[in-house]
Amino acid sequence: LDGNMKNSIKLFRVFGISVEMHISFLILPILFWLSMGVKGVVLILGVFVCVTLHELCHALQAKKFGIRVDTIILLPIGGVASMGSIPDKPYQEFRIAIAGPLFNIILAAILYYPAYRFLGPDIFFSMNLTTWLHVISYLYWLNILLAVFNLLPAFPMDGGRILRALLARVMTLQKATRIAVSFGYLFIFLFVAWGIMTGNIWLLIIAFFVYISATQEASHVEITETLKRLRVRDILPNGYLSVGPDTKLSKVLEMIFHSHQEDFPVLDSGTLVGIVTRANIISAIHQFGVEKTVNDIMIKDFPSAGPLDSLTKIHKLMEESGLRAIPIME
C-alpha cells in the first residue's frame with residue numbers, strides 16, 4: 001500500500017526517508033496491553049519493527065530505480081511507503097514488491113537455528129505468551145506470517161504488485177492492473193467472509209483498507225495511462241502572464257486576484273530566470289509584507305519540459321518538484 005497520510009507523528013529519519021507513526025497506531029499498544037499485558041505491548045512493538053524494516057527494503061529498492069520515497073507511515077494494519085511514482089518497467093515493480101517479503105524470509109532463515117537452539121523445541125514451536133521466551137518465539141513466527149500474508153495476490157499488497165508486474169510483461173499496464181485488482185477484490189470478499197464467520201474484526205479492517213487502496217490505485221493507473229496519450233501541446237494555453245524580478249509582491253497578488261493564473265514565470269529581458277508561485281507569495285507577504293519583490297522569493301531551480309513531452313512526464317516532474325506549474329520551453 002503506497003500514499004501520503006496526515007495526522008502522523010515523526011519518529012526518525014533514515015536514508016533520507018521520514019519514518020512516521022499514524023496516530024491511529026496508538027490504539028494497538030492499548031488494546032494489546034488490555035488483553036495481554038506488558039507482553040502484548042512488547043509483541044506489537046516488535047511486529048512493527050519488522051514492518052518498518054520490511055517497508056524500508058521496499059523504499060531502498062525503489063530509490064535505486066530513481067523513484068522518490070519521502071515517508072514510511074506505520075498504520076494499525078501495517079506500513080505504507082509513500083512513493084512519488086509507479087515504477088516505469090515491470091521488472092522494477094517486481095523487485096520493489098518482492099524486497100519486503102524477501103527480507104522477512106531471509107531474516108527468519110538466519111534466525112531459525114539460533115532461535116531453535118536458544119528457545120528449545122517446546123517453546124519454539126508453541127504459539128502462546130506464557131513467558132517472555134514464548135513472546136520471542138511468537139514474534140519469530142509472526143515475522144514469517146508477515147511475509148506470507150504480504151505475498152497473497154491481493155492487490156495492492158506485495159503479492160498483488162508482483163502479479164501485476166508479471167502480467168505487465170505480456171500485456172498493457174492498464175489490463176494487468178485490472179486483473180490484479182480483480183484478484184484483490186476476490187481476496188477482499190474472502191477476508192470479509194472469514195472475518196464475519198470467525199468474528200475477527202481485524203480481517204474486516206484489512207479488507208476495508210485493501211479495497212480503498214486497490215480502487216485508488218486502479219483509478220491512478222487509468223489516469224496515468226490516459227495522460228500518456230496526450231502531449232503538452234494538446235492542452236497548452238495560448239497566453240499567460242509573466243512578471244519581472246523587480247515586480248512588487250503586491251502587484252503579483254493583484255494579478256492573481258484579477259486572473260485565473262496563480263503561478264508566474266519570471267522573465268528578465270525575455271529570459272526565464274525563475275518561477276513564483278501563489279504559495280510563495282502568500283507566505284512571503286505574511287512574513288515580510290507586500291513591499292518585497294519577486295526576485296527575493298522566486299524559485300531559481302526548477303524543471304522544464306517541451307511541447308512534445310507527455311502529460312505523464314509533466315505530472316511526474318510536478319510531483320517530484322512540488323510545483324503546480326512547469327515552464328514549457330520551445
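If you're wondering where the values come from, they're calculated on a predicted model, not measured in any experiment. All residue numbers refer to positions in the sequence shown, counting from 1.
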Classify the ring geometry of F125 against W141: parallel below 30°, tilted from 30° to 60°, perpendicular beyond 60°. tilted
Working to the nearest 0.5 Å, report the span between OG of S126 and CG of L133. 9.5 Å
Applying a strict under-4.5 Å side-chain criterion to I, L, V, M, F, W and Y, I'd like to know whether F32 and V42 cluster together. yes
Dump the intermediate steps for side chain to side chain donor-acceptor pair (under 3.5 Å) on T271 and D268, then the final yes or no. CA-CA 5 Å; T271 302; D268 188 3; over 6 Å; no
Crowding at CZ, R231 (>12 non-hydrogen neighbours, <6.0 Å): yes
Closest heavy-atom pair and its distance - A99, Q61: CB-CB, 4.2 Å
So CG of L203 and CD1 of I196: to nearest 0.5 Å the spacing works out to 10.5 Å
When rounded to the nearest 0.5 Å, the distance separating CD of E93 from CZ of F65 is 11.0 Å
In terms of ring plane angle, is the pair H54 and H58 parallel, tilted or perpendicular, where the classes change at 30° and 60°? perpendicular
Determine, using the 4.5 Å side-chain heavy-atom cutoff (strictly less than), whether I326 and I275 are members of one ILVMFWY cluster. yes
Determine, stepwise, if the pair E20 / S18 fulfils side chain to side chain donor-acceptor pair (under 3.5 Å). CA-CA 6 Å; E20 303 176 5; S18 176; 3.0 Å; yes
How far apart are the C-alpha atoms of N200 and T198, what are their side-chain angles, what is the distance that settles it, and do they pass the side chain to side chain donor-acceptor pair (under 3.5 Å) test? CA-CA 5 Å; N200 191 326; T198 61; 4.8 Å; no
Should the heavy atoms of other residues, nucleotides or ligands under 6.0 Å from CZ of F118 be counted, would the total exceed 12? no
Which value, rounded to the nearest 0.5 Å, describes the distance between L139 atom CG and H134 atom NE2? 14.5 Å
Find the distance between CG (L111) and CD1 (I106) and round it off to the nearest 0.5 Å. 12.0 Å
Proximity of F155 and F183 rings by center, below 6.0 Å: no
Group every Ile, Leu, Val, Met, Phe, Trp and Tyr by side-chain heavy-atom contacts under 4.5 Å, then state whether L119 and Y113 land in the same group. no
Determine whether the aromatic ring centres of residues F191 and F149 are separated by less than 6.0 angstrom. yes
Looking at P156 and S213, what are the two nearest heavy atoms and their distance? CG-CB, 3.4 Å
What is the ring orientation for Y140 with F124, classed by angle as parallel under 30°, tilted 30 to 60°, or perpendicular over 60°? tilted
Linking I/L/V/M/F/W/Y whenever any side-chain heavy atoms sit under 4.5 Å apart, do V192 and W202 land together? yes
If you measure from CD1 on I162 to CG on L167, what distance do you get to the nearest 0.5 Å? 12.0 Å
Consider only side-chain heavy atoms of I, L, V, M, F, W and Y, link residues closer than 4.5 Å, and tell whether V69 and V19 are in one cluster. yes
